[in-house]
Amino acid sequence: MKQRLLTEFGQGASLRRQDYTQAAKRALQDALWHNSINLAELFGMEKEAMLIDVEVGVQQPDRLDKDALKDIFPYGQVTINAVKGGLDVPRPNGNPTVIASVAINVSLDLEPAQ
């Protein structure tokens, strides 16, 4: 049975290029680089067994390269869900600054407690 065990949050930005994927990558790195949790190992499982569900919020979710975002994860079974969120902050001379928000949920398929 799939059990969520961990949630991490992050935020990232693309300051001038209006690059939604780059902002999302930075948000993922923000969430991941702040911890060193070896969740699967704590349960005696392989790292590949981790079920990683990522929610990415940006103003233009259709402009995200989901495969590029999956490449950030060295292991686990990754699912990316892009939704409208984040911020596009107008700049007087140029593209808006793009801010992405992410939530990473890590689950394992565990036997129910008896």
Side-chain angles (χ1 to χ4, degrees):
M1 183 163 85
K2 183 177 178 178
Q3 294 288 320
R4 183 174 70 187
L5 301 169
L6 173 71
T7 301
E8 289 288 339
F9 303 99
Q11 180 177 307
S14 172
L15 299 177
R16 294 178 182 83
R17 293 183 306 151
Q18 197 176 7
D19 187 333
Y20 291 90
T21 300
Q22 186 62 42
K25 282 182 179 181
R26 290 175 177 155
L28 288 171
Q29 291 168 337
D30 178 49
L32 293 171
W33 281 213
H34 285 120
N35 70 66
S36 179
I37 298 169
N38 298 317
L39 193 61
E41 294 166 349
L42 292 173
F43 288 88
M45 301 175 86
E46 296 294 321
K47 293 177 183 179
E48 236 357 270
M50 291 191 309
L51 307 170
I52 303 169
D53 296 304
V54 179
E55 190 97 1
V56 181
V58 291
Q59 284 293 296
Q60 295 186 39
D62 57 315
R63 292 184 53 189
L64 284 176
D65 180 347
K66 292 181 184 181
D67 289 331
L69 298 180
K70 286 181 181 181
D71 288 344
I72 289 176
F73 297 90
Y75 40 76
Q77 300 167 48
V78 181
T79 302
I80 306 284
N81 183 34
V83 299
K84 187 166 173 75
L87 289 172
D88 280 359
V89 182
R91 293 179 49 236
N93 299 313
N95 291 329
T97 294
V98 170
I99 301 175
S101 298
V102 300
I104 303 170
N105 291 308
V106 182
S107 304
L108 290 172
D109 190 10
L110 300 173
E111 295 293 323
Q114 302 291 338

Kindly compute the distance separating CE (Met1) from CD (Glu111), expressed to the nearest 0.5 Å.
-> 9.5 Å

Joint cluster assignment, Ile52 & Leu28, ILVMFWY side-chain distance < 4.5 Å | yes

Would you say the side chain of Lys25 lies within less than 4.5 Å of the side chain of Asp71, judging by non-hydrogen atoms?
-> no

Assess whether side-chain contact (heavy atoms from CB on, under 4.5 Å) is satisfied between Glu55 and Asp53, documenting all intermediate values.
-> CA-CA 7 Å; Glu55 190 97 1; Asp53 296 304; over 6 Å; no

Contact check, side chains of Val56 and Lys66, non-hydrogen atoms, under 4.5 Å = no

Gap between atom CG of Leu108 and atom NZ of Lys2 - 0.5 Å precision = 10.5 Å

Does Val89 sit in a hydrophobic cluster with other residues, and if so which ones, taking ILVMFWY side chains as linked at heavy-atom separations under 4.5 Å, directly or through other members?
-> Leu87, Ile99

Taking all non-hydrogen atoms of both residues into account, name the closest pair between Asp19 and Gln22 and its distance.
-> OD1-N, 2.9 Å

Verify the cluster assignment for Val106 and Val54: are they in a single hydrophobic cluster under the rule of side-chain heavy atoms below 4.5 Å apart?
-> yes

Measure from the side-chain N and O atoms of Gln3 to the backbone N and O of Ser107, and report whether any donor-acceptor pair falls under 3.5 Å.
-> no

What do the steps show when you test Met50 against Gln77 for side-chain contact (heavy atoms from CB on, under 4.5 Å), and what is the final call?
-> CA-CA 6 Å; Met50 291 191 309; Gln77 300 167 48; over 6 Å; no

Closest heavy-atom pair and its distance - Thr97, Leu15 | OG1-O, 2.9 Å

Hey, is CD on Glu46 packed in by over 12 heavy atoms from elsewhere, all under 6.0 Å?
-> no

Atom of Gly86, atom of Ser101 and distance for their closest heavy-atom approach = CA-OG, 4.4 Å

Between Arg63 and Val98, does a side-chain contact (heavy atoms from CB on, under 4.5 Å) hold up when you go through it step by step?
-> CA-CA 12 Å; Arg63 292 184 53 189; Val98 170; over 6 Å; no

Same apolar cluster (I L V M F W Y, side chains within < 4.5 Å links), Ile72/Val102 | yes

If you count the non-hydrogen atoms of other residues, nucleotides and ligands that lie under 6.0 Å from CZ in Arg91, is the total more than 12?
-> yes

Tyr20, Phe9: one ILVMFWY side-chain cluster at the under-4.5 Å cut-off?
-> no

So CG of Leu42 and CG of Leu5: to nearest 0.5 Å the spacing works out to 9.5 Å

Give a yes or no on whether Leu32 and Tyr75 share a hydrophobic cluster (residues Ile, Leu, Val, Met, Phe, Trp, Tyr; joining criterion: side-chain heavy atoms under 4.5 Å apart).
-> yes

Between CG on residue Leu69 and CD1 on residue Ile80, distance to nearest 0.5 Å = 5.0 Å

Could you tell me which non-hydrogen atom of Ala23 sits nearest to which non-hydrogen atom of Ser14, and how far apart they are?
-> CB-N, 3.7 Å

Where the side chain of Gln11 meets the backbone of Ala100, is there a donor-acceptor pair that is under 3.5 Å apart?
-> no

Nearest heavy-atom contact between Lys47 and Ala40 is CA-CB, 3.8 Å

Atom of Met45, atom of Leu110 and distance for their closest heavy-atom approach | SD-CD2, 4.0 Å

